[in-house]
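Here is the structure we will look at.
In what follows, chains are A, B, ... by sequence order, proteins preceding strands, each numbered from 1.
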Number of protein chains: 2
Amino acid sequence: MSKKITIKDIAREAGVSVTTVSRVINKTGRIGSKTREKINKVIEEFGYHPNSAAQSMKTGRTRNIFFVVPDITNPFYASLAKELQLLSREKNYNITLYNTNESLKEELRAIETACEVCAGGIVFASINESREVIDKLLEADIPAVLLNSYLKCEFDTVHGEINAGTYLSTNYLIENGHKVIGFAGAPADTTVGKSRKQGYITALQNAGLNVDEKLSFEMGFSEDAGYKAGKYFSTLKKKPTAICCANDIVAMGVLTALYEEGIVVPDDISIVGMDDIIYSRISRPPLTSVSNDSNVFARSAFSMLFERIENTYEGEPREIIVERNLIIRESVSTNKCN
Amino acid sequence: MSKKITIKDIAREAGVSVTTVSRVINKTGRIGSKTREKINKVIEEFGYHPNSAAQSMKTGRTRNIFFVVPDITNPFYASLAKELQLLSREKNYNITLYNTNESLKEELRAIETACEVCAGGIVFASINESREVIDKLLEADIPAVLLNSYLKCEFDTVHGEINAGTYLSTNYLIENGHKVIGFAGAPADTTVGKSRKQGYITALQNAGLNVDEKLSFEMGFSEDAGYKAGKYFSTLKKKPTAICCANDIVAMGVLTALYEEGIVVPDDISIVGMDDIIYSRISRPPLTSVSNDSNVFARSAFSMLFERIENTYEGEPREIIVERNLIIRESVSTNKCN
DNA sequence: TTGTAGGCGTTATCAC
DNA sequence: GTGATAACGCCTACAA
């Protein structure tokens with residue numbers, strides 16, 4: 001914007017007052033159609049755009065939504081970001097990306113920052129729900145929606161069916177005759193981690209199978225954690241015949257470790273992942289996984305958020321549950337009976 | 001920020017004028033150390049943060065840098081975004097994410113949007129350089145750095161060695177005895193696409209090998225494009241013994257198609273990728289690739305951008321060239337002589 | 001070294 | 001329907 005043209009220039013040029021111009025920009029109040037046309041023409045002609053700093057100084061809000069994520073490098077969140085940005089653009093909003101690295105401190109700081117810049121909304125994704133975050137969000141008084149939070153709270157949330165993902169995948173393993181099943185990946189001290197572990201345990205228990213803590217390797221959601229888990233399992237005398245992984249990235253790490261150890265998947269050990277990231281299709285073997293549709297997350301979050309922003313909905317907090325489905329590929333051996 | 005505290009509140013509480021407070025905030029002008037301490041204490045105590053809308057209304061700039069990318073879903077850009085955000089946070093800047101989907105129209109719109117919100121800087125990544133973008137950037141008059149642009153222009157740039165990536169990988173293929181080598185992926189009408197193709201061609205020519213257009217399948221940087229390329233190559237009577245892929249994602253698609261067709265990599269056909277995304281390690285076989293260090297990109301871009309923002313450097317446009325290295329894994333058969 | 005006052009571009013509250 | 005005018009919170013000459 002080389003020469004800044006303001007609402008005043010438009011008003012002068014159109015021979016009206018700034019008030020009137022402001023009114024047609026914001027579509028507020030009644031305006032004669034001839035006046036409106038005239039003004040719109042001038043706006044068009046001059047390529048005028050309202051200065052958003054000035055706008056938000058008045059309104060105390062910017063057209064800017066904070067997207068707070070544990071790790072943008074995770075394809076699930078990257079896709080989410082992409083869709084969110086697309087949706088936001090249609091409403092003339094921008095997306096501010098805030099990567100927390102799964103740290104509570106950063107999550108809190110993200111909210112503070114959102115306040116400082118008067119963010120118009122927050123889409124908050126975490127692997128660990130905490131009352132601290134919610135309180136801070138409340139205090140911030142910015143419309144927000146929580147992703148992957150199972151906590152009952154004051155905000156709209158969208159999440160997968162609780163515990164369902166690993167339940168589905170573990171159950172599939174059981175159906176295929178597996179009885180000694182390992183669990184890899186999720187950090188034990190996070191909400192999402194606990195939930196994933198619980199799905200695994202429930203499936204085992206429902207089938208009357210033992211839960212053996214030696215068969216759980218809970219470290220983190222990274223490929224590195226998966227790699228270590230794979231190494232660990234390969235040292236066991238009584239190896240599992242299958243491993244349920246907390247997400248696909250972890251599964252990839254497990255795959256790499258097993259490959260290095262000369263263990264063949266799925267012939268020796270079966271693997272299931274979770275999230276169905278696009279790379280699960282191209283792994284060898286293609287990874288059986290559980291869907292976690294980022295676009296559904298994005299759209300649900302977005303529409304709820306905007307109803308809050310535009311005061312279209314002011315009722316009780318809502319909860320959208322995203323269906324999960326087993327995606328069967330080739331990383332699980334069938335009819336294993338040992 | 002429930003109750004908004006302003007600079008006035010701080011001034012009143014500290015028993016000084018707003019000017020003085022403003023001065024200590026912006027570290028401008030001389031302030032008595034006792035006064036400064038007092039003010040800082042009050043600021044701390046009240047948890048005061050300057051309203052950035054008001055600030056930028058004065059300065060005409062926000063602490064906000066636009067990160068414009070073709071596709072945030074590409075791990076290279078996702079890592080870049082992560083690092084960029086980390087760096088920015090230290091300077092109290094935020095990252096606005098703008099995904100262009102490789103469309104010129106969106107790229108232009110991104111720049112307009114950056115103007116509207118008075119962005120403090122732009123990091124612009126494209127697979128296609130165009131004078132139009134550069135002119136718009138110039139007109140926007142916002143400090144900017146270009147990623148992957150080889151065009152000599154008015155902005156600082158950071159890019160890999162021109163044509164070097166595919167030159168390196170193709171050459172490696174040649175060294176290992178391959179003579180019939182395909183090229184997969186890059187869209188022919190983009191700068192980056194052309195550059196990658198050129199590296200491939202140069203390597204061939206240097207080795208006195210024929211360039212056969214039938215062995216080029218130029219479609220796009222997506223996995224899907226790679227998949228189609230793989231299918232295409234598998235239908236050829238005279239199949240290549242190796243394929244140079246324009247990036248790793250394309251290579252992944254090729255791998256999938258070849259796998260479906262029962263063609264074994266690297267025994268039947270060798271594959272090389274490019275960018276060394278983390279998933280190339282976990283593909284089967286692990287993919288031989290060429291490094292493209294996103295962290296180096298991020299840090300170089302960031303430091304140059306901030307020197308512009310802070311007027312620490314005002315000289316000629318600079319150009320940072322990021323070294324590329326061949327990463328040898330297992331997707332290339334050695335000693336192929338046919 | 002510190003304070004006073006004006007203005008940045010909008011929107012909102014009045015009047016007309 | 002339309003127009004003056006007062007904020008919004010901050011920065012910055014200019015004064016003292």
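- Whole-Å rounding puts the Lys27(B) NZ to dC10(D) C1' distance at 17 Å.
- Put simply, CE on Met57(B) is 15 Å from P on dA7(D), counting in whole angstrom units.
- When rounded to the nearest whole Å, the span between NZ of Lys38(A) and C1' of dG1(D) equals 18 Å.
- Contact annotation: the side chain of Glu107(A) approaches that of Phe124(A) to within less than 4.5 Å [non-hydrogen atoms, C-beta and beyond].
- For Thr19(A), the side-chain atoms get nearest to dA12(C) when compared with the rest of dT10(C), dG7(C), dA12(C).
- At the heavy-atom level, Thr28(A) lies nowhere under 4.0 Å from the strands shown.
- The side chain of Thr35(B) lies closest to dT2(C), out of dT12(D), dT2(C), dG9(C).
- For Lys8(B) and dA7(D), the NZ to P distance is 10 Å, given to the nearest whole Å.
- Side-chain proximity of Asn26(A) to the nucleotides dT2(D), dC8(C), dT11(C) is greatest for dT11(C).
- Side-chain to base pairing of Lys58(A) with dA12(C): no donor and acceptor N or O lie closer than 3.5 Å to each other.
- Contact check on Glu310(A) versus Lys91(A) returns a salt bridge, with a Lys/Arg side-chain nitrogen under 4.0 Å from an Asp/Glu carboxylate oxygen.
- In this structure, CD of Glu37(B) is placed 12 Å from P of dT2(C), rounded to the nearest angstrom.
- The nearest heavy atom of DNA chain C to Gly32(B) and to Ala54(B) marks one nucleotide each, and the one closer to the 5' end goes with Gly32(B).
- Note on ring orientation: taking the six-membered ring where Trp is involved, the planes of Phe297(B) and Phe76(B) are perpendicular (angle over 60°, cut-offs 30° and 60°).
- For Arg131(A), the CZ atom counts as densely surrounded, since its 6.0 Å shell holds more than 12 non-hydrogen atoms of other residues, nucleotides or ligands.
- OP1 and OP2 of dG9(D) both lie 4.0 Å or more from every side-chain N or O belonging to Gln55(B).
- Between the CG atom of Asp9(B) and the P atom of dC8(D) there is a distance of 11 Å, given to the nearest Å.
- Protein atom CD1 of Ile43(A) is 16 Å distant from nucleotide atom P of dG9(C), rounded to whole Å.
- The NZ-C1' distance, from Lys34(B) to dT2(C), rounds to 14 Å in whole Å.
- Here the side chain of Ile7(A) is nearest to one of dT11(C), dC8(C), dT2(C), namely dT11(C).
- Relative ring orientation between Tyr93(B) and Phe306(B) is described as perpendicular, the plane-to-plane angle rising above 60° on a 0-90° scale split at 30° and 60°.
- OP1 or OP2 of dT10(C) sits under 4.0 Å from a side-chain N or O of Tyr48(A).
- Considering only side-chain atoms of Arg23(A), the nucleotide from dT10(C), dC14(D), dG3(D) that sits closest is dG3(D).
- Counting non-hydrogen atoms under 4.0 angstrom, Thr6(A) reaches the backbone sugars and phosphates but no base.
- Minimum atom distance to the side chain of Thr20(B) is reached by dT2(C), of the listed dG9(C), dT2(C), dA5(C).
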